[in-house]
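This report concerns only the one structure given below.
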2 protein chains.
Amino acid sequence: MSSEIVDLLVCATCRSAMPANPLATPDPDHRPGAQLVAALQDAAPEGLRVIAVDCLSNCSRGCTIALRKPGAWTYVYGNLTPEQHLPAILEGVQKYRAAENGLVPWRERPEHFRKNCIARIPPLEAPNV
Amino acid sequence: MSSEIVDLLVCATCRSAMPANPLATPDPDHRPGAQLVAALQDAAPEGLRVIAVDCLSNCSRGCTIALRKPGAWTYVYGNLTPEQHLPAILEGVQKYRAAENGLVPWRERPEHFRKNCIARIPPLEAPNV
């Protein structure tokens with residue numbers, strides 16, 4: 001596995017698009033994004049920088065993360081919850097970290113990543129692809 | 001207005017999520033993304049680099065563009081068509097270019113940008129925001 005640093009950007013302001021009980025009165029203090037930040041900071045392996053971000057602007061499909069590393073594509077994933085998706089995120093991070101240019105073959109990605117990719121951005125170094 | 005270079009990344013493979021006639025048989029040669037690339041290359045003002053990208057992974061809400069410049073937030077916008085949204089894209093590019101860190105106040109963005117922001121990514125230089 002590559003030893004390079006990977007940034008795991010986590011939207012700290014996400015209220016989550018899919019509340020556990022959509023009929024309940026929203027709790028203004030309920031911030032699944034902040035919970036996801038804390039859970040990932042606790043679980044992060046060496047070489048993974050967990051960075052809390054003030055809104056990744058994917059509010060209708062949160063919680064949201066983005067993966068980036070130098071010279072690689074940046075990937076944004078959504079519809080995550082701190083309760084369900086920690087293993088998938090950590091597996092996805094490991095594969096992204098090991099992949100040249102951040103390009104993990106579609107079939108090798110965690111199932112949640114396959115179904116919930118929001119967008120990707122090419123590296124600065126090779127924009128013409 | 002700032003004179004710095006702005007990258008306008010355009011998904012060249014987008015088939016568009018909203019075809020003109022959803023009941024028609026899809027035409028495999030119909031690539032609104034490629035049309036949008038060509039139209040923007042023709043219309044681009046000086047200092048704007050239009051870069052065709054092979055899939056920005058926002059296939060269900062294409063056509064798709066991303067705006068980026070050094071030290072600024074990257075923004076992804078979707079649900080664009082080459083027929084309708086060239087003026088909005090060029091207006092949005094101009095405001096993004098002039099804005100410090102790429103942060104255009106929400107009310108000043110073109111209406112289509114306000115309603116169709118797919119995601120945003122913080123600059124490498126200031127990830128903790």
Side-chain angles (χ1 to χ4, degrees), chain A residues 5-14 17 37 41 48-80 96 101-104 106 109 113-129, chain B residues 5-14 17 33 37 41 48-80 101-104 106 109 113-129:
Chain A
I5 297 279
V6 168
D7 283 349
L8 175 57
L9 307 164
V10 186
C11 182
T13 47
C14 268
V37 171
Q41 282 173 336
L48 177 65
R49 286 197 299 202
V50 178
I51 299 168
V53 179
D54 183 7
C55 193
L56 288 167
S57 209
N58 177 44
C59 310
S60 64
R61 297 193 285 178
C63 296
T64 310
I65 62 169
L67 290 172
R68 72 174 170 198
K69 63 178 183 177
W73 288 74
T74 296
Y75 279 84
V76 182
Y77 295 102
N79 294 320
L80 295 156
Y96 176 81
N101 301 329
L103 296 168
V104 180
W106 190 83
R109 297 179 201 173
F113 277 27
R114 290 204 298 268
K115 295 181 177 173
N116 295 279
C117 184
I118 303 300
R120 66 175 198 161
I121 311 285
L124 282 169
E125 294 78 0
N128 290 296
V129 288
Chain B
I5 297 279
V6 167
D7 282 349
L8 174 57
L9 307 164
V10 187
C11 181
T13 46
C14 268
V37 170
Q41 282 172 336
L48 177 65
R49 285 197 298 202
V50 178
I51 298 168
V53 178
D54 182 7
C55 192
L56 288 167
S57 208
N58 177 46
C59 311
S60 64
R61 298 193 285 178
C63 297
T64 310
I65 62 168
L67 290 171
R68 71 174 170 198
K69 63 179 183 176
W73 288 74
T74 296
Y75 279 84
V76 182
Y77 295 102
N79 294 319
L80 296 155
N101 301 328
L103 295 168
V104 180
W106 191 82
R109 299 179 200 173
F113 277 26
R114 291 203 297 269
K115 295 181 177 173
N116 295 279
C117 184
I118 304 299
R120 66 175 197 162
I121 310 286
L124 282 170
E125 295 78 359
N128 290 295
V129 288

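Note that these values count all heavy atoms, side chains included, but never hydrogens, waters or copies made by symmetry. Residue numbering restarts at 1 for every chain, and letters A, B, ... go by the order of the sequence lines.
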(request) Taking all non-hydrogen atoms of both residues into account, name the closest pair between Arg61(A) and Ser60(B) and its distance. (result)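 So the minimum-distance heavy-atom pair works out to NH1-OG, 4.4 Å.
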
(message) Does Arg120(A) form a side-chain contact (heavy atoms from CB on, under 4.5 Å) with Val53(B)? I'd like the steps, not just the answer.
(response) CA-CA 10 Å; Arg120(A) 66 175 198 161; Val53(B) 178; 5.5 Å; no

(request) Sort Cys11(A) into side chain, backbone, both or neither according to what part of it lies under 4.5 angstrom from a heavy atom of chain B. (result)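 Contact with chain B: none, neither part.
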
(request) Pick one of side chain, backbone, both or neither for Ala119(A), based on which atoms fall under 4.5 Å of a heavy atom in chain B. (result)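 The answer is both parts of Ala119(A).
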
(request) Heavy atoms only, distances under 4.5 angstrom: which of Ile118(B), Asn58(B), Val76(B) has the most pairs with chain A? Name it, please. (result)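 The residue among Ile118(B), Asn58(B), Val76(B) with the greatest pair count is Ile118(B).
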
(request) Tell me, out of Ser57(A), Ala12(A), Cys117(A), who's got the most heavy-atom pairs with chain B below 4.5 Å. (result)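 Among the listed options, the one with the most contacts to chain B is Ser57(A).
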
(message) Return the CD1 to CG distance between Ile121(B) and Leu56(A), rounded to the nearest 0.5 Å.
(response)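 Spacing of CD1 (Ile121(B)) from CG (Leu56(A)) equals 6.0 Å.
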
